[in-house]
Amino acid sequence: MELGALVVTQGQNVAEQTGSSAWPVLGRTVLDQWVERVQTLGVGTLSVVDREVSASTRIRTMVDWAKGGVEQILLILLGSYAEVDFADLIRFHHQGQNQVTRVFDSLGPLGVSLLDRHTILKDPERSELAPTRHSSRYDFLGYSVRLSSPGAYRKLVEDALAGRCGIQPNGLEAGKNVWIHPTAHVDPSVRLEGSCYIGPYTRLNPGVVIGSGSSVEHNCDIDIGTSLERSSLLPDTYLAPGLHVRNSVVNGTRLENLDRNVAVDLGPLGLASRRKPLARYSARTVALGKEIHEPCVAIPIKRRNADQTTLPN
Amino acid sequence: MTQNGPVVVKQLPESGGKQRRKEFLAEVSQFARQSYRPQLIVDLPAKKIGPDTLDLLLSCVVQVEKSEGCVSVAGASPEAAVILELTQLTSVVNVFPTVSEAVGVDESYSINPLAQGDSPSVAA
């Protein structure tokens, strides 16, 4: 039975403000985590589209797939990280002979639905937008976090560092729960205190202290003597010398402090800056709007419109 | 209150440029020179603080500490408090939500911060 998967990412505007499935968690984005999970099912067709792409375009994609013989479509509206057992979900869907199965956790719907081909062809708009009439509820009891705020992102990072969820850091374990990517430059005087993650092409200068529960994603540069305490640096961020970053998420020049629930622009103060992204590296391995017709294929990211999907060679 | 010296409340200049900041620092220096263990309470009215503010604050600390005094910051917005913590200025200045708390008296006690340009004087 052919299975297709349509992953709809959060819109860019939402993502910038609240935390995002595009933010890497210990070296890999939540989007990548979802895609890898889907690929283990051996899906025939996988497409990743931005939420800002119109709903009609997304629906047309699903209808085209259904007409092309795809029996079931897994629709994932990104907004959470959840370790859903898709094989079990499909089993549940079959056993109940459901037209639509929606996944819920204790807080409500997770944005994951399994749609039957006939439902899509019969009533495509209802299948994505208001599928409650014929939907069945699949209760998920495993690990899940809604990525609705920087605080939720931090929770996911800390849980991943502590091994409370299934996220595997993209690096080598240099000590107990200390993960360093081989391409990172860590000065010998740097102190890594407890569980932490240092991502690819990141530079930690002399005297830097990375406290427990902290993560530094790819292509960051932390200047002399700066310390991190229960904080995350998102990719391409430079931090000035002598700072003490506590319980915060720093994305370029924007610092979000979770203790006081305020955002501060560090750019005018010269305390942080956005580094030029590395052309040779991206945490995302999946092309937006690109279909993957083989399981477990990772292709370099290239942003495309949803209706410009082509087959990879 | 561990300080025995005079307490002065001063509002940090929000505008006025380099000259105003220079005057402010001169007033603080004079106050510090004339006192033993002075306590300077800097009222931060602005929501955001810029690099000049940080420099000025640090200069105040240098001057006041020469007389074994200390500097407190009052009225810092959450944004300003984050910057003070981030730059580790909180290791050399005490931060209080209000001037009253910085002075260490009951809210009902009347505190009249000096206006900009006024000479510093003993407030408590």
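For A/L271, the part lying under 4.5 angstrom from a heavy atom of chain B is the side chain only. For a residue to count as touching a neighbouring chain, one of its non-hydrogen atoms must lie under 4.5 Å from one of that chain's; by this rule A/V245 touches chain B with backbone and side chain alike. When heavy atoms are compared at a cutoff of 4.5 Å, A/A263 approaches chain B solely by way of its backbone atoms N, CA, C and O.
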Discussion item. Apply side chain to side chain donor-acceptor pair (under 3.5 Å) to residues A/N205 and A/D187 and explain how you reach the verdict.
Written reply: CA-CA 6 Å; A/N205 289 293; A/D187 187 87; over 6 Å; no
Practice prompt. Start with the C-alpha gap between A/D259 and A/R246, add the side-chain angles, then the distance that decides, and say whether salt bridge (charged side-chain N to carboxylate O under 4.0 Å, His left out) holds.
Written response: CA-CA 8 Å; A/D259 287 333; A/R246 187 170 164 272; 2.8 Å; yes
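Residues A/P150 and A/E256 share a closest heavy-atom pair of CG-CG, 3.6 Å. Here the closest non-hydrogen pair linking A/I210 and A/C196 is CG2-CB, 3.7 Å.
Legend: residues meeting side chain to side chain donor-acceptor pair (under 3.5 Å) with B/S67, ordered by chain and number and at least two apart, are absent. Residues that satisfy the side chain to side chain donor-acceptor pair (under 3.5 Å) test with B/S35, not counting sequence neighbours, are absent from this structure.
At a heavy-atom separation below 4.5 angstrom, chain A is approached by B/P51, B/L54 within residues 51-62 of chain B.
A side chain to side chain donor-acceptor pair (under 3.5 Å) check over residues 80-97 of chain B, counting only residues at least two apart or in different chains, returns nothing.
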